Amino acid sequence: MSLTYCGVASHSAISPDAILADAADALPRVPQRTFAWSAGNLAARVYEYDRVAWHETVTSSPQAISALSGYMLARTGSLTAPPSLRDLLEACATVDGEWSAIAGDETALLAVSSAAGTEHVYVDCNSAYTAVSNRCRPLWLLRARQGLELQVDLSSIARLVHLGYPFCTGGTAVRGIELLAPCESIRLNRDGRVERTTRQPVERRRARGAVDWQSHALAAKQRMADVCSSPAPMRVAVTGGKDSRLVMSMLDALGAPGHVTGYIRAPEDHSDFMVGGSIAKMLGLPYERLEPDERSDLRSSVQSHVKFTEGMLSAWDMKDAVFPGGEIGVHGLLGEVYRRKQSDPSLSADELAGSLLQRPSASRVVRQDLCHSHVRSVRSWITELELQGTPLEQVPDLFYLQQRVTRWVGQAKLHDGLWGAHVNPVFALPLLQDYYSLPLADRLEERVHFELTARLSPRLAAQPFANDRYAPAMVERSGHRDVTVATTSVRSTSRQARLLWRKAALKHSLPWIREQLSIARHSLTEVVEPGRVDELAAVVAYVAGDASARDALNLTRAPRLLVTAMANPIHLMVDVFSLLTAVATIRELDSLRRHEGRVGHRADAPESHSKTL
């Protein structure tokens with residue numbers, strides 16, 4: 001929640017304070033306040049940005065320090081302050097919310113990732129020191145300033161280009177710097193010992209009768225009540241989807257507090273705007289429509305993307321941050337963990353491993369041997385789950401929760417978290433535990449969303465969704481005969497696509513894209529198929545309306561790629577942006593190796609957050 005923390009244990013004669021001296025130079029924004037603490041070979045810095053009148057995120061004294069990135073909700077629903085070193089380890093598996101935390105006293109420094117895993121904890125263990133932070137860039141800078149090697153982790157880069165985020169690995173863009181898994185902790189002791197511990201983030205319950213949906217509904221209402229207890233203005237994403245609807249049902253159950261504003265970023269004729277507007281009107285909420293960001297300057301977008309989200313592509317696909325400092329943003333994105341991601345229960349473990357890594361791609365530019373290696377890594381992860389007794393039918397859900405959400409949502413929060421507090425009242429461990437006790441059919445048909453919405457706000461259950469509806473068979477099984485359920489959906493009134501700007505963006509940035517793809521062909525030789533990069537460049541030029549004779553030759557070799565790109569420019573843009581991001585990340589690390597000036601806010605901070613991604 002609007003802060004960055006760094007902690008270090010020195011293993012050499014260099015003082016920990018000296019190691020952390022320049023950490024703030026890697027931050028993309030100037031912090032408003034800095035907290036410093038040290039004890040022997042241990043030191044910590046906490047950099048706080050815009051404060052939200054909600055609950056404490058930092059406690060500090062000469063004897064101890066504790067800082068919280070994100071937000072914590074106790075099982076009673078009440079907000080909690082950063083826990084002490086003594087209580088922090090237990091909190092990772094018992095306290096809801098999206099958070100990571102650091103705490104230190106005269107004995108040790110402890111960093112912990114919560115069960116959601118979307119507030120990151122990065123770790124760098126080397127011979128000179130062990131450092132932790134909730135951002136990766138400060139750890140890059142500490143390495144460079146101490147003269148340590150900044151070696152690109154090409155295996156993580158390959159995963160980034162292949163799927164949009166690393167998976168089944170704690171790897172980052174730099175070898176030796178890792179991301180902690182959900183519910184994992186690292187303890188840096190004064191005596192030099194480094195201890196890592198992992199708790200089971202989701203203790204799957206055995207099915208023992210019916211789920212107590214009423215208790216879950218009351219708990220959800222309490223979580224939202226706690227969020228609304230702050231006098232700070234709240235901004236809520238209101239769309240035509242089921243996750244948004246569940247969040248709105250919590251607000252409706254509270255009487256829609258007056259300091260809440262709904263918003264959406266979509267054209268006027270888009271179904272999400274039409275449905276969202278009707279819901280906001282029903283609840284009496286102000287509703288703001290924002291025009292989709294054209295992002296025509298891809299060069300600026302890539303540079304900001306690498307700075308703020310440290311290179312993970314999927315964050316760029318998220319909706320733009322629209323929360324001014326001092327506001328609380330509420331969203332339902334983690335509600336996606338309550339819906340089954342793989343609808344074919346007949347797949348074998350080998351087939352499942354491959355299906356989990358499929359994404360729409362125009363070029364398939366990653367080397368095939370690496371793609372096969374990625375599938376093998378997922379297959380090994382599935383084997384570990386099977387050895388723990390996990391049913392194969394639960395693997396897709398766990399992959400989404402432990403792999404995709406951790407990276408995909410988490411990297412977006414690296415950007416959004418600099419501007420304000422972002423809360424997801426849908427995520428709660430007790431609810432997630434009961435989700436795994438549901439029959440497969442209920443997980444496939446999003447029963448969690450329906451059961452809670454029907455109890456919190458029956459009138460919202462009766463409102464149509466955008467391009468979707470509740471499954472009739474699931475509604476019948478639920479037994480809610482007293483609740484009217486929408487049987488139709490709302491569709492956009494024209495064929496105008498939200499993402500047509502991508503073609504214009506390719507044309508506007510074509511010379512630079514050509515240059516960067518040429519660099520990618522040479523700098524990523526261990527990751528990409530060189531011929532595919534040339535074909536991709538030719539297709540980009542054709543879609544942008546500026547293909548040369550040389551491009552025409554490459555196009556004849558890639559007819560399928562051209563057809564796919566013309567029909568789905570979004571897939572083409574994702575492939576292009578992933579390569580541009582990989583190149584930009586490598587070049588950023590090169591500049592750090594050469595110590596070419598400051599890399600953070602002092603050199604190139606944007607004038608305002610609306611000009612970043």
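These figures come from a predicted structure and were not determined experimentally.
In this structure, C92 and W99 have side chains that are in contact, with non-hydrogen atoms separated by less than 4.5 Å. Looking only at side-chain heavy atoms (C-beta outward), T118 and N424 stay at 4.5 Å or farther from each other.
When all heavy atoms of R593 and V152 are compared, the pair lying nearest together is NH2-CG2, 3.4 Å. Closest non-hydrogen pair, Y47 versus P31, comes out as CB-CB, 3.7 Å. Closest approach of A505 to M573, counting heavy atoms only: CB-CE, 4.0 Å.
In this structure, D243 CG and L334 CG are separated by 9.0 Å, a value rounded to the nearest 0.5 Å. To the nearest 0.5 Å, atoms CG (L357) and CD (Q403) are separated by 9.5 Å.
Remark: of the listed residues S69, S133, S100, S100 is the sole one forming a side-chain hydrogen bond (donor to acceptor under 3.5 Å, both in side chains) with Y5. When each of V365, V528, V533, L536 is tested with R521 by the rule side chain to side chain contact (heavy atoms under 4.5 Å, CB included), just one qualifies, namely V533.
Aromatic ring pairs are classed by plane angle as parallel below 30°, tilted from 30° to 60° and perpendicular above 60°; the pair F399 and F167 is tilted.
S548 and D551 are linked by a side-chain donor-acceptor pair at a separation below 3.5 angstrom, with hydrogens and angles left out of the test. Side chain to side chain, R379 and T383 meet the donor-acceptor criterion of an N or O pair below 3.5 Å. Under the 3.5 Å distance criterion, with hydrogens and angles disregarded, a donor-acceptor pair is assigned to the side chains of Y400 and E336.
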Check against salt bridge (Lys or Arg N to Asp or Glu O under 4.0 Å), E588 and R137: CA-CA 10 Å; E588 176 80 357; R137 285 172 60 85; 2.8 Å; yes
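A salt bridge does not link R175 to E149: none of the charged nitrogens lies less than 4.0 Å from a carboxylate oxygen. Using a 4.0 Å cut-off between charged nitrogen and carboxylate oxygen, D25 and R145 count as a salt-bridge pair.
Between the side chain of S156 and the backbone N or O of P166 there is no donor-acceptor pair closer than 3.5 Å.
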